[in-house]
Number of protein chains: 2
Amino acid sequence: MPADQRPATLHDVARLARVSVATASKALNGRKHVSAASRAEVLKAAEVLAYSPNTLARGLVAGRTGMVGLLTSDLEGRLSIPILMGAEDAFGADRTSVLLCDARGDAVREGHHLRTLLSRRVDGLIVVGARPDPRPSIGRDLPVPVVYAYAPSADPDDLSLVTDNVTAGRTAIRHLVEVGRRRIAHITGDPSYGAAQDRARGALDELAEHGLKLAGDRVMFGAWSEAWGRSATGMLLTQRTAVDAIFAGSDQIARGVLDALHGAGLEVPRDVAVLGFDNWEIFTTSSTPPLSSIDMNLETLGRVAAERLMAAFDGRLGSGVEQLPCRLVPRESTTAR
Amino acid sequence: MPADQRPATLHDVARLARVSVATASKALNGRKHVSAASRAEVLKAAEVLAYSPNTLARGLVAGRTGMVGLLTSDLEGRLSIPILMGAEDAFGADRTSVLLCDARGDAVREGHHLRTLLSRRVDGLIVVGARPDPRPSIGRDLPVPVVYAYAPSADPDDLSLVTDNVTAGRTAIRHLVEVGRRRIAHITGDPSYGAAQDRARGALDELAEHGLKLAGDRVMFGAWSEAWGRSATGMLLTQRTAVDAIFAGSDQIARGVLDALHGAGLEVPRDVAVLGFDNWEIFTTSSTPPLSSIDMNLETLGRVAAERLMAAFDGRLGSGVEQLPCRLVPRESTTAR
DNA sequence: TTGTATGCGTTATCAC
DNA sequence: GTGATAACGCATACAA
């Protein structure tokens, strides 16, 4: 049901207020050199006409559009949405809008979206990868600053924001030790993921500092699936490995772990504590018991990406990989005994 | 690392090609009244300068920006992302871009975003609600067409696109009957959700047409949670209700159902078939056995929303509530016995 | 303080 | 076929 009257322009406001467009512009933008009387006139006229400034036209002259592009390959939106929200917060939703483009893992489509975004003269770009491993740079000499989030760019000259997986691994183990566990196993996902390796390394380092070693002796790499969590746990149990805690590489794996433990008649956290990763609410709060997990602070990632972009708008952009800390979210699956 | 040279303009291209901006414009847009020679000259110049037309300026004169706003309240992005992708497809990602704004369930923030989007002169608006019940209209006399998706507008003069929950309920039951089930229970979520009521009604209607009634006699309303699925199934079992199939109101509920059945030593689908709703992959493919479910075709919802919007760009927009069909996705949890 | 004029990058309407 | 020129809506340096 659109009212087919075209929106009021600054000209309309100026005419109604009996001033020039210049005065009207100044008045609406709160600038000096305008009398209180005219200012009031203009404001009233704008009110009457429901004037809404054309941001496009403003951007044309300002050289800034107030838009940033969010180029993602994450089909589920599980990463993009929190990052988007963090960025929205940092920018201020009224000054900057986000153009979200989903490349669906297709490089051609990504190039297409990139061209479109540049032709829309976005002020900056945030690139969100689907998995936390280096990805091809979208290009060196782009006319706007680019920040890579979650998945770093393969080009070290780009600026990338990633989660600090090594420290996250340490945090996980420290927590389990603090709640009195000593025989800790680590069941994680696809070993080709750098994140899996990093978390495992952090875990091993922290264990060593406590004079402990991994229950079952080695990190159990597999797949990022519930099924793997189940079968890996099954292996642990049939081998009669002494275990009082399992650090899972993802919440989905943790779900499988819980399943297998329950199936074996073990109680969580009394017999075995379980710690997940991702803090994906649909998994952590609905499991029994509610699952402790490590949150990657994706909103923060988005917020920092926005801040780096804003800093780049005046001045130059940094480069390299910036590690952002994770956060432990304790729930019942890892309470002290 | 932005190359701080401002992007080439049509003027630059024209100058390099030794023609006027008018000719350059025509050549680049493939219009008539340009000699083959000049056209080639212009194209080459554009190539050399890596010319990318400024969509803002183009939109300013065309009166169309080629942008649509997607106003959502769905914090997880579970609804918005598929709808966004469907809309992208229908529009053609190169002609239309989507500004995604998350209101986070806050009406004030929603109004803010709305004003921003209008000031950016989006060509249209898609409003996605967080739950499939009528929501307040964002306003009657907006200067652009608006389509409500998933959650209909409370104002019947608006155009809303929703899933056909009644038919979905029928589809669910028909499928279960076709795989040989006769004692079918329905465990669903919050009864204040119209969608829950509609699906239940469809289920009851279809049962009646087959001369059947609900196992346990009544629809089991509760919460949209795994826990409710578990406890409701437990009630069914302790009451010794004869059941050979359970239609769950969501995949999460279905997960709880599966849990409880397994815990009672029952086998799925041999003893009891289980059908979910939402076809949320992280739940359906990782459960044991993989969960049959009903897909709301959210991509289609987005696609149709885009089509309605495009139709509205020339001509007027329809009104009322348009129901879109769901789709059954059979997996192992409901195979015939 | 106020208004006039110019430019932002394109497209479109004209004369030539 | 080609090229000035006028919009589009706004901001601003400059002149009044």
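The chains referred to below are lettered A, B, ... by the order of the sequence lines, with proteins before strands, and numbering in each begins at 1. All figures in this text were calculated on a predicted structure; none of them were measured in a lab. The figures that follow rest on heavy atoms only: side chains count, while hydrogens, waters and symmetry mates do not.
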(message) Heavy atoms only, 4.0 Å cut-off, all strands: where does A:Lys26 land among base, sugar-phosphate and nothing?
(response) base
(message) If I take atom CG in residue B:Leu10 and atom P in nucleotide C:dT10, what distance separates them, rounded to the nearest angstrom?
(response) 5 Å
(request) Return the 5'-most residue of the pair A:Asn29, B:Val61 with respect to DNA chain D, ranking by each residue's nearest nucleotide. (result) B:Val61
(request) Write down the distance between NZ (A:Lys32) and C1' (C:dT1), rounded to a whole number of angstrom. (result) 12 Å
(message) If the condition is salt bridge (charged side-chain N to carboxylate O under 4.0 Å, His left out), which residues does B:Arg58 pass it with, not counting sequence neighbours?
(response) none
(request) Could you walk me through whether B:Leu99 and A:Leu99 pass the side-chain contact (heavy atoms from CB on, under 4.5 Å) test, one step at a time? (result) CA-CA 5 Å; B:Leu99 284 163; A:Leu99 284 163; 3.5 Å; yes
(message) Starting the side chain at C-beta, find the nucleotide from C:dT10, D:dG9, C:dG3 nearest to B:Thr9.
(response) C:dT10
(request) Compute the bend angle of the helix from C:dG3-D:dC14 to C:dC16-D:dG1 from the end axes (five pairs per end), rounded to 10°. (result) 50°
(request) Grab the CZ-C1' distance between A:Arg31 and C:dT2 for me, whole Å please. (result) 16 Å
(message) In this structure, how many angstroms lie between the P atom of D:dG3 and the NE2 atom of B:His11, rounded?
(response) 13 Å
(request) Can you figure out which of C:dC8, D:dC8, D:dG3 approaches the side chain of B:Thr23 most closely? (result) D:dG3
(request) Could you check how far NE2 of B:His33 sits from P of C:dT13, rounded to whole Å? (result) 11 Å
(request) Provide, to the nearest angstrom, the distance between the CZ atom belonging to B:Arg18 and the C1' atom belonging to D:dT2. (result) 16 Å
(message) Using a 3.5 Å distance criterion without hydrogens, assess whether the side chain of A:Arg18 forms a donor-acceptor pair with backbone atoms of A:Arg15.
(response) no
(message) A:Thr116 vs A:Ser119, test: side-chain hydrogen bond (donor to acceptor under 3.5 Å, both in side chains). Steps then yes/no.
(response) CA-CA 5 Å; A:Thr116 303; A:Ser119 118; over 6 Å; no
(message) Assess whether a salt bridge exists between B:Arg303 and B:Glu299, defined as any Lys/Arg side-chain N lying under 4.0 Å from an Asp/Glu carboxylate O.
(response) no
(request) Check the distance between D:dG3's P and B:Arg15's CZ and give it to me in whole angstrom. (result) 15 Å
(message) Among residues 34-59 of chain A, which ones have heavy-atom contacts with DNA chain C below 4.0 Å?
(response) A:Val34, A:Ser35, A:Ser38
(request) Grab the CG-C1' distance between B:Leu28 and C:dA12 for me, whole Å please. (result) 15 Å
(message) Checking the side chain of B:Asp12 only, and the main-chain atoms of B:Thr9 only, is there a donor and an acceptor separated by less than 3.5 Å?
(response) yes
(request) Heavy atoms only: give me the nearest B:Thr55-B:Thr65 pair and the separation to one decimal. (result) CG2-O, 4.3 Å
(request) Over all heavy atoms of both residues, which pair between B:Leu317 and B:Arg308 is shortest? Give the atoms and the distance, please. (result) CD1-O, 3.7 Å
(message) Regarding A:Glu110 and A:Arg135, does a basic nitrogen lie under 4.0 Å from an acidic carboxylate oxygen?
(response) yes
(message) Using a heavy-atom cut-off of 4.0 Å across all strands, would you classify A:Ser25 as base, sugar-phosphate, or nothing?
(response) base
